[in-house]
Amino acid sequence: MRRTLPAATVALLLALTSCSVPRSSGNPPPGAAPTGTPTASRQDAAQVRQTLASLRRVDDLPLYEMTYVGRYDATVGTDASPASPFGCSLFVAAGDRHRPLFARNFDWDANPAMVLRTDPPQGYASISLVDLSYLGVGDDPAGDQRLLNAPLLPFDGMNERGLAVGLAADDGARAEPRPGRPTVGSVRILRLVLDRAATVDEAVAVFTAHNLDFSGGPALHYLVADATGASAVVEFVDGEMRVERGRGSWQALTNVPVAGIAESRRREDRRYDLIARAMTETGGVLDAAAAHRVLTAVRQAHTRWSVTYGLRSGEVRLVTAGGAQRRYELPMG
């Protein structure tokens, strides 16, 4: 919205163990159209060419990067249809209010992914991560116009105001529609949050203003955090939206519900317990390197990427399944 996003990409020293994934249900169907038809794009022809020309492969995950130029409509439909449960581990380390940090593992099928930069005319600039299979795009997406729908499906991300959001599966979640509210997909809601919210309160308001549709895939819950270190979990229990605010120096989310659940019960989940112990020991004060060590401790065989977002610094550190690392800087407004 306010500026073009530069990305400084550097090789780092840390290497993580490779993983392999037996599942393939997230892959695009055989015979999918090679070029596809975008639905979200509101670009002119020159902006389309500039966007698609920015695509480059940067990792053997495979991981791609692309800068979206021009407008998109985040409310239109898409052919994406999530088909099976996510894993995922997320946490906010807010013990140092001058350096709050959002971290997450995305656990899923072995699909190509993309780092996407967006700067919509009437929204906040952001960096987000997209699983390309949800667009119907395969391992060689060059020239595929379905990439123009990529803004619709961020699985995690951070905007220029330091608002970060991510999702995880919550098998017991159930969202009942409320009259008068527009319905949005359970992944699409992240785009609306990134474009419109600068604070946790504003993010919660975006969730509140919409009905969420879980019918195309697994039910989800969400973790949001902002540049002040404030955070919240958004869940759907018995059809009602519930918000659990972060009350200390950290907040974590895996695949077990947290709203109204005692901490001792939450810690029965191994990944949640490992995160909680690390956060308790450090008082929720972690830099990106330390946060990635925590993410490594809770990674699974099907972890596709691990990412940290510096909510004030704008620094994004990404580690893919093969261990390659990349770093980006999001100019903060």
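Just so it is clear, the structure is predicted and the values come from calculations on it, not from any experiment. We use all heavy atoms of the structure for the numbers below, so side chains are in, but hydrogens, waters and symmetry mates are not.
Ion pair Glu281/Arg277 not flagged as a salt bridge, since none of the NZ, NE, NH1 or NH2 atoms sits closer than 4.0 Å to an Asp/Glu carboxylate oxygen. A salt bridge links Glu176 to Arg174: one of the charged nitrogens lies within less than 4.0 Å of a carboxylate oxygen.
The two residues Gly166 and Leu190 make their nearest non-hydrogen contact at CA-CD2, 4.2 Å. A pairwise comparison of heavy atoms in Leu132 and Tyr64 identifies CD1-CD1, 3.9 Å as the closest pair. Ala168 and Asn255 get closest at one heavy-atom pair: CB-ND2, 3.8 Å. Closest of all the heavy-atom pairs between Val165 and Phe102 is C-CZ, 3.8 Å. When every heavy atom of Arg178 is checked against every heavy atom of Gly239, the shortest pair comes out as NH2-O, 3.5 Å. Between Ser126 and Arg191, the closest heavy-atom pair is OG-NH1, 3.2 Å.
Few gaps surround CD on Gln47; more than 12 heavy atoms of other groups in view lie less than 6.0 Å from it. Other residues, nucleotides and ligands contribute only 12 or fewer heavy atoms inside 6.0 Å of the CZ atom of Arg247. With a 6.0 Å radius and a threshold of 12 heavy atoms from other residues, nucleotides or ligands, Arg42 has its CZ atom above the threshold.
There is no path of hydrophobic side-chain contacts, each under 4.5 Å, that joins Met279 to Val256. Linking Ile, Leu, Val, Met, Phe, Trp and Tyr residues whenever their side-chain heavy atoms come within less than 4.5 Å places Leu148 and Val76 in a single cluster. Follow the hydrophobic side-chain contacts under 4.5 Å out from Leu101 and you never reach Val92; the two are in separate clusters. Under the 4.5 Å side-chain heavy-atom criterion for ILVMFWY residues, no single connected hydrophobic cluster contains both Leu194 and Val69.
Relative orientation of the Tyr68 and Tyr72 rings is perpendicular, given thresholds of 30° and 60° on the angle between their planes.
When side chains are defined from C-beta on, Val316 counts as touching Val307, because their heavy atoms get closer than 4.5 Å. Residues Val184 and Leu212 are in side-chain contact: their nearest non-hydrogen atoms beyond the backbone lie under 4.5 Å apart. At a threshold of 4.5 Å between non-hydrogen side-chain atoms, the residues Leu135 and Leu152 do not count as touching. Proximity of Pro120 to Thr118: side-chain heavy atoms (C-beta onward) are separated by under 4.5 Å at one or more points. Annotation: side chain of Leu147 is in contact with side chain of Leu52 (closest heavy-atom distance under 4.5 Å).
Side-chain polar atoms of Thr183 and Asp213 form no donor-acceptor pair below 3.5 angstrom. Arg271 and Ser89 are linked by a side-chain donor-acceptor pair at a separation below 3.5 angstrom, with hydrogens and angles left out of the test. Side chains of Asn105 and Arg304: no donor on one and acceptor on the other come within 3.5 Å. At a cut-off of 3.5 Å, with distance as the only test, no side-chain donor of Thr199 or Asp226 sits close to an acceptor on the other residue.
The backbone N or O of Trp305 sits nowhere less than 3.5 Å from a side-chain atom of Thr303 that would complete a donor-acceptor pair. Between the side chain of Arg104 and the backbone N or O of Phe155 there is at least one donor-acceptor pair closer than 3.5 Å.
The ring pair (Phe, Tyr, Trp, His ring centres under 6.0 Å) analysis of residues 218-249, with sequence neighbours excluded, yields the pairs Phe207-Tyr222, Phe214-Phe236.
The distance from the CG atom of Asn159 to the CG atom of Leu330 is 7.5 Å, given to the nearest 0.5 Å.
When each of Met332, Met158, Arg99, Arg327 is tested with Glu315 by the rule side-chain contact (heavy atoms from CB on, under 4.5 Å), just one qualifies, namely Arg327.
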